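Bear in mind that the values here come from a model prediction, so they are computed numbers and not experimental data. Atoms within a ligand are numbered from 1 in the order they appear, just like the ligands themselves.
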Amino acid sequence: MARVFLVVMDSVGIGGAPDADRFFNGDVPDTGANTLAHIAQACATGRAEQGRSGPLHVPNLDALGLGAAVRLASGAATPGLDAEPTGTWGAASEVSPGKDTPSGHWELAGVPVPWDWHYFPDATPAFPDDLVARVCDIAGTDGILGNCHASGTAIIAEHGATHMRTSQPICYTSADSVFQIAAHEETFGLEKLLDLCKSLAPTLHAMKVGRVIARPFVGDGPDTFQRTKNRKDYAISPPAPTLLDRVQAAGHPTHAIGKIGDIFSMSGIDDVVKGTDAELMQHLSKAVDEAEDGSLTFANFVEFDSLYGHRRDISGYARALEWFDAELGQILPRLRPTDRLILTADHGNDPSWIGTDHTRERVPVLIAGAGAGTLGLIPFTGVARIAARHLKVDWT
Ligand SMILES: O=P(O)(O)O[C@H]1O[C@H](CO)[C@@H](O)[C@H]1O
Ligand SMILES: [Mn+2]
Ligand SMILES: [Mn+2]
C-alpha cells in the first residue's frame, strides 16, 4: 500500500516568484533572489570554497529534476546541474502574504494563510510598552534587552553578557512575524525560558504574531556563546484542517520529523522526533524502512535556513546541500515501488542576497517513485493534493 514521505528542505528556493517585488530585505525587493541558482553559480566560479570545492555536486537531487526545476521557475543558469530528469519535477508558487516558515508549510499542506501577519516595526524600540511590561512581569525583571530587529547570533554576542548579569531576557524580531527570546540555558534556565514563551504566546497570537520562539544559548562570553538545539517555537494553529489533519482523520498514521510538530502545533500528528539535521536524516532513513502502509511522514530539514541562509554563508549552504544529496542517495534505493518521496521547500533564503531574512521565491517539487514526468508550475497547495491523492485521502 502507498506511503508518502514529504520532505521540506527549509529555504531551498529556486527564484522566479511572480510577487517577489512585494517582499523585502531592508529596502531591497526580493526580485531576482534565487537561493539554489546563486549557490550553484558561486560554486562554479570558485566563490564557495570553504570546506568544499568546485561546482555544486548534487547528482541525486539533479537527477530527480532540481536543475530543470530551477530553469523552469526562473530561467536562471544552473552550472553543474544539467541532468535529464528521471523523477517527476516542477516548481511551486506561494500565495500566502508571508515568506515565513509556517506560511510556507501550511500552504504546502493545503492551507494558504487567510490573514495578514503582524510584523513589528524595524525601529528601536520595536515592541509596544504593554508587551514589554508583560515580559518583565512574567520574567521578574525591570527591563528587557534588544527590543529591535536583529540577527540571533549577533544579538546574543551583543547582549549575552549583560543578560547573564541582569537576567533581563533578550527580545528581538525580524522581517518574519516572530517574537524571539534568547536566554542563557544555565544562568536564566531553560525551563524558565520555555515557560516565559509559552505564557506570552496567547497574547502574541491574538496580535497575529505567528510565533513566539525560545532561543536558548550557552557559553561564557561573546566568543563562546552558542545557541542550543533546545529552540522551541510556539506557533499559531493553522486556520483550517491541513493535509496532516485530513490524513489522520482518514485513519492513516502521521509522523513528524523535526520542526513539523511545532509548525503545525502538533495538529494531525501522531508522533514527532527532533534533533540536528544529521539526526533527522537517521530518523527519515528509519521511517523509510519502518513506516506503516498508508502513512504520511512529514519532515523538515532546517539547517539550510538557520545555519547558512540567515547567516549568508554560501559555502556552508553548498556543503549542506551536498551532504543532504549524498544522504538522499542512500535512501532513494530503499523506497518501495508504491512509495512517493516528495522533496520541496517553504521559501527562499538566498545566501548571496543582502540582509539576513528569507527571500520570496518559487520552490522545487521533486517526486521520487513516480517515474520521469513534469508537473510544470503549480501552486504550493498542489503538493498537498499530490500527497493526498497518492494516499487515497479525499481532497476537494
Ligand atoms: O537570526 P535568527 O535568530 O536565526 O532568526 C531567524 O530565525 C527566525 C525563525 O525561523 C527568523 O524569523 C529569523 O529571524
Ligand atoms: Mn523555513
Ligand atoms: Mn528562517
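Cation-pi contact between Lys208 and Trp117: absent, since separation from the ring centre below 6.0 Å together with deviation from the ring axis within 45° is not met.
Glu290 is linked by a salt bridge (Lys or Arg N to Asp or Glu O under 4.0 Å) to Lys286, counting only residues two or more places apart in sequence or in another chain.
Residue-to-ligand polar distances keep Thr101 apart from ligand 1: every N/O pair is separated by 3.5 Å or more. Between Ala150 and ligand 1, no N or O atom pair is found at a separation short of 3.5 Å. At least one N or O atom of Arg227 sits closer than 3.5 Å to an N or O atom of ligand 1. Every N/O-N/O distance between His358 and ligand 1 stays at or above 3.5 Å. Taking any N or O of Tyr172, backbone or side chain, at least one lies under 3.5 Å from an N or O belonging to ligand 1. On a distance-only criterion, Lys259 and ligand 1 share no N/O pair closer than 3.5 Å. Taking only nitrogen or oxygen atoms, main chain and side chain alike, Ser174 reaches within less than 3.5 Å of ligand 1.
For Phe179 and Tyr172, the distance between ring centers is not under 6.0 angstrom.
No heavy atom of Ser306 sits closer than 4.0 Å to any atom of ligand 1.
With a 4.5 Å cut-off on side-chain heavy atoms, Leu280 and Leu284 do not count as touching.
Just one residue in the list Leu204, Val135, Ile213, Ile181 forms a side chain to side chain contact (heavy atoms under 4.5 Å, CB included) with Cys197, and that residue is Ile181.
Here the straight-line distance linking atom CZ of Arg311 with atom OG1 of Thr153 works out to 4.0 Å at 0.5 Å rounding.
At the top of the distance list for atom 13 (C) of ligand 1, counting protein heavy atoms only, stands His310 CE1, 3.6 Å. Of the protein's non-hydrogen atoms, Asp176 OD2, 3.4 Å is the one closest to atom 11 (C) of ligand 1.
Around the CG atom of Asp289, the shell of radius 6.0 Å holds more than 12 heavy atoms that belong to other residues, nucleotides or ligands. When the shell of 6.0 Å around CD1 of Ile138 is examined, it contains more than 12 heavy atoms from other residues, nucleotides or ligands.
The proximity of His149 to ligand 1, defined as any non-hydrogen pair under 4.0 Å, does not occur for either the backbone or the side chain.
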Thr45 vs Arg47, side chain to side chain donor-acceptor pair (under 3.5 Å): CA-CA, chis, key distance, verdict: CA-CA 6 Å; Thr45 50; Arg47 290 179 289 126; 2.9 Å; yes
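Protein-derived N/O/S atoms nearer than 2.8 Å to the Mn ion (ligand 2) total 5, waters excluded.
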